[in-house]
2 protein chains.
Amino acid sequence: MAKQRQRLTDRKSKVTVSDVARMAEVSDSTVSRIMRGQDLVAEATRERVMATVRALGYVPNRIAGSLASLDSRLVGVVIPSLSNIVFPEILQGINAGLEGTHRQSVISVTDYDLDKEEVVVRNLLAWQPAAVLIAGSMHTEATQRMLENSGVRVVEFMEIDHKPIDAAVGFSHLSAGVAAARHLLQRGYRRFGYVGYGGEKDRRALMRYKGMRACLAEAGLAFEAESVSDGQTTVAKGRAQTADICARAPDLDVLTFSNDDMAVGGLFHCMSAGISVPNDLALFGFNGLDIGRALPQPLSTIRANRFEIGKRAVEVVLAGETRPEQSVIVDTGFEIFEGATA
Amino acid sequence: MAKQRQRLTDRKSKVTVSDVARMAEVSDSTVSRIMRGQDLVAEATRERVMATVRALGYVPNRIAGSLASLDSRLVGVVIPSLSNIVFPEILQGINAGLEGTHRQSVISVTDYDLDKEEVVVRNLLAWQPAAVLIAGSMHTEATQRMLENSGVRVVEFMEIDHKPIDAAVGFSHLSAGVAAARHLLQRGYRRFGYVGYGGEKDRRALMRYKGMRACLAEAGLAFEAESVSDGQTTVAKGRAQTADICARAPDLDVLTFSNDDMAVGGLFHCMSAGISVPNDLALFGFNGLDIGRALPQPLSTIRANRFEIGKRAVEVVLAGETRPEQSVIVDTGFEIFEGATA
DNA sequence: GGTTGCAATGGCAGCGCTGTCATTGCAGGT
DNA sequence: ACCTGCAATGACAGCGCTGCCATTGCAACC
């Protein structure tokens, strides 16, 4: 009475290379070569095998393949949020960059939480990705160490105001803040208000804020009123906070927003309240979203190219499997968009 | 002279279970149990092993784990686009549903291209996912067959106007179109115009359009003017197309848009052109985006809950590993939001 | 006929882990 | 002293594929 060990395979009933090989009367190796698109296989054989593949509905198992070849072809992507449109835009850039390579992105979201980031990075690394693209430069010590020791290519994107683990792609948010303030000062504005969100959580918004504040300080000025809310950025919040700040500080002549979403909300408030923009109050955003340009008055803002950030980040990791001696920094820049609101 | 076969492992220098086991003086099994959070391990042993894990910086290899256990813990997600905000919103729902389970989503984008969808689905299935969540019900024959034969749970989300492969979560876009038209007829509008995008590509927008048209036809009416553009939906296009249709058909009394993005653009045009909304011209969108509610005049539209679609889709697949006898259909519904523009 | 060179194919040991079963050690009962 | 039961741990064969090397068969040449 033979003891019949319950083989795992009995549960799932998958078609394997061996099944295909047996049926097509070739070896496993040949099937494997064909599935990987290698040449060195006779055309007749290839056709016969492919016919069998179709007949059996064989789908190669990339998990087994990855284990055997020690190459997962996965690119881990870590972003803080999906609700802020800038991140899906970056993902589009990443997908565009990955198109045609045999690599797959695996996306994880941290909700701007560094501890959660640590968890998702650990989970991502468990998949042995060929590279990790991660938003921001601020990580827990453990995250930092894991990324460093993983040996894989790591691109920190969005900001470049730091020494990267391996590479950084983005622009300087501090400089962007300075540029915004300088621009507005040049245009003659003196009484500044700030409408933002996220507080400490969105470090990049904070950097822009700091850049503006520093530039104002140099001119002997400061924000005369500020309104900062928690949680995610929305047009509705921008509108509500603008209403609030206008009530509290009616004599401001310009409002800077942490981003375009909020600024659009601000403009909506002004429209409703009969505040003439930019005469009574000027508005200045950040990001250069499409919607800003379609407004009745195009929103004055700073444009940054998110799509390109994603694309360039991928290019960096595709450039080589090993980290270069010198860490790579790609500055995708930003530009002032004059618009009609400031 | 021993022939030294070049072991693959020599290239990458990873820490494995065996390394940890050897150093902690236990067996591989014990390390494996601990890493998988099983109990049945003495507390002292667990601590000793975990100390070694930290010391060596061991990161379990989920590829090997998945192969051994025949369970990848992956959930494949297929969406047509990232630039249409509704899909990131669904992804948020999916992530929320996955939170706390040990499952990881893997996202692929098809650009509304069914052939690309086929490729993407094939690549996804190669990762042996535990489930596939796919937007829409329209697939190539090959895609359909692959999904059916894969044996994994498949949820088609967004629409429920079809017989699903396994399960469907969403709402009826046809009914939504009918509801929109009926609502507008009740409010006394008679001369309809349509502003849309994507043509055949966005089948769901098309279904809503058809629903409206059918309802109008019942009332002996039809769209008197239409403007449909290619490519993706943007506020700017909505604005431009509204300008266009207003020029061509100045006597319309209501404009229905394929979605809120376009409708917001339409409102912007009206603001700029001095068209009084809804007196001169009423506007009606679709989706119920946040921005619509923050406008100076809240946009009249139909609200659908994308986040919930994602979340419920996950719940369906978590409910069981095998497909139920009877296919599951979850109607997440929609509701008219009266707003102030129609 | 015997070689040589090459294209085409085969064989098989792992890849790093987990499922399954076997074994060990020891407290508690007889 | 012996057994029983159970908690804790170990042993080991795969999981499905690919990298590496060996082998085969045949055309082209000496």
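Per chain, numbering begins at 1; letters A, B, ... match sequence-line order. Any value given below was found using the heavy atoms of this structure, including those in side chains, with hydrogens, waters and symmetry copies removed.
Of the candidates C/dC17, D/dG16, D/dG10, the closest approach to any side-chain atom of A/Ala68 belongs to D/dG16. Side-chain proximity of A/Arg33 to C/dG16, C/dG10, C/dC17: nearest is C/dG10. Considering only side-chain atoms of A/Ala64, the nucleotide from D/dA11, D/dG16, C/dC17 that sits closest is D/dG16. Nearest nucleotide to the side chain of B/Leu67, out of C/dA7, C/dG16, D/dT18: C/dG16. Among the nucleotides C/dG19, D/dT9, D/dC17, the one closest to any side-chain atom of B/Gln38 is C/dG19.
Atoms CG (A/Asp28) and C1' (D/dG16) sit 9 Å apart, rounded to a whole Å. Put simply, CG on A/Leu40 is 7 Å from P on C/dA7, counting in whole angstrom units. As a whole-Å value, the separation of B/Leu70 CG from C/dT18 P is 13 Å. As a whole-Å value, the separation of A/Tyr58 OH from D/dG16 C1' is 7 Å. Between B/Ile34 atom CD1 and C/dT18 atom C1' the separation is 15 Å, expressed in whole Å. Atom CG of B/Leu56 is separated from atom C1' of C/dG16 by 15 Å (rounded to the nearest Å). Summarising the geometry, the separation between CD on B/Gln128 and C1' on D/dC15 is reported as 11 Å, rounded to the nearest angstrom. Atom CZ in A/Arg22 sits roughly 12 Å away from atom P in D/dG16 (whole-Å rounding).
For C/dG10, the OP1/OP2 oxygens have a side-chain nitrogen or oxygen of A/Thr30 closer than 4.0 Å. At least one side-chain nitrogen or oxygen of A/Ser27 sits closer than 4.0 Å to the OP1 or OP2 atom of C/dG10. Between A/Ser32 and D/dT18, a side-chain N or O to OP1/OP2 separation shorter than 4.0 Å is present. Side-chain N/O atoms of B/Arg36 include none lying less than 4.0 angstrom from OP1 or OP2 on C/dC17. An OP1 or OP2 oxygen of D/dA11 is reached within less than 4.0 angstrom by no side-chain nitrogen or oxygen of B/Ser29.
A donor-acceptor contact closer than 3.5 angstrom is absent between the side chains of B/Ser32 and B/Gln38. Judged by distance alone, the side chains of A/Gln128 and A/Ser72 never bring a donor and an acceptor atom under 3.5 Å apart.
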- Message: Run the salt bridge (charged side-chain N to carboxylate O under 4.0 Å, His left out) test on A/Glu308 and A/Lys311 for me, step by step, so that the C-alpha distance in whole Å, both residues' side-chain angles and the decisive distance to 0.1 Å come before the verdict.
- Response: CA-CA 5 Å; A/Glu308 201 192 342; A/Lys311 191 137 184 248; over 6 Å; no

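Remark: the backbone N or O of B/Ser66 is not paired with any side-chain donor or acceptor of B/Arg73 at under 3.5 angstrom. Of the possible polar contacts, one joining the A/Arg48 side chain to the A/Ala24 backbone as a donor-acceptor pair under 3.5 Å is found.
Within 4.0 Å of A/Arg62, counting heavy atoms only, lies no atom of the nucleic acid at all. Residue-level contact check: B/Thr45 touches the backbone only, with heavy atoms under 4.0 Å from sugar-phosphate atoms and none from bases.
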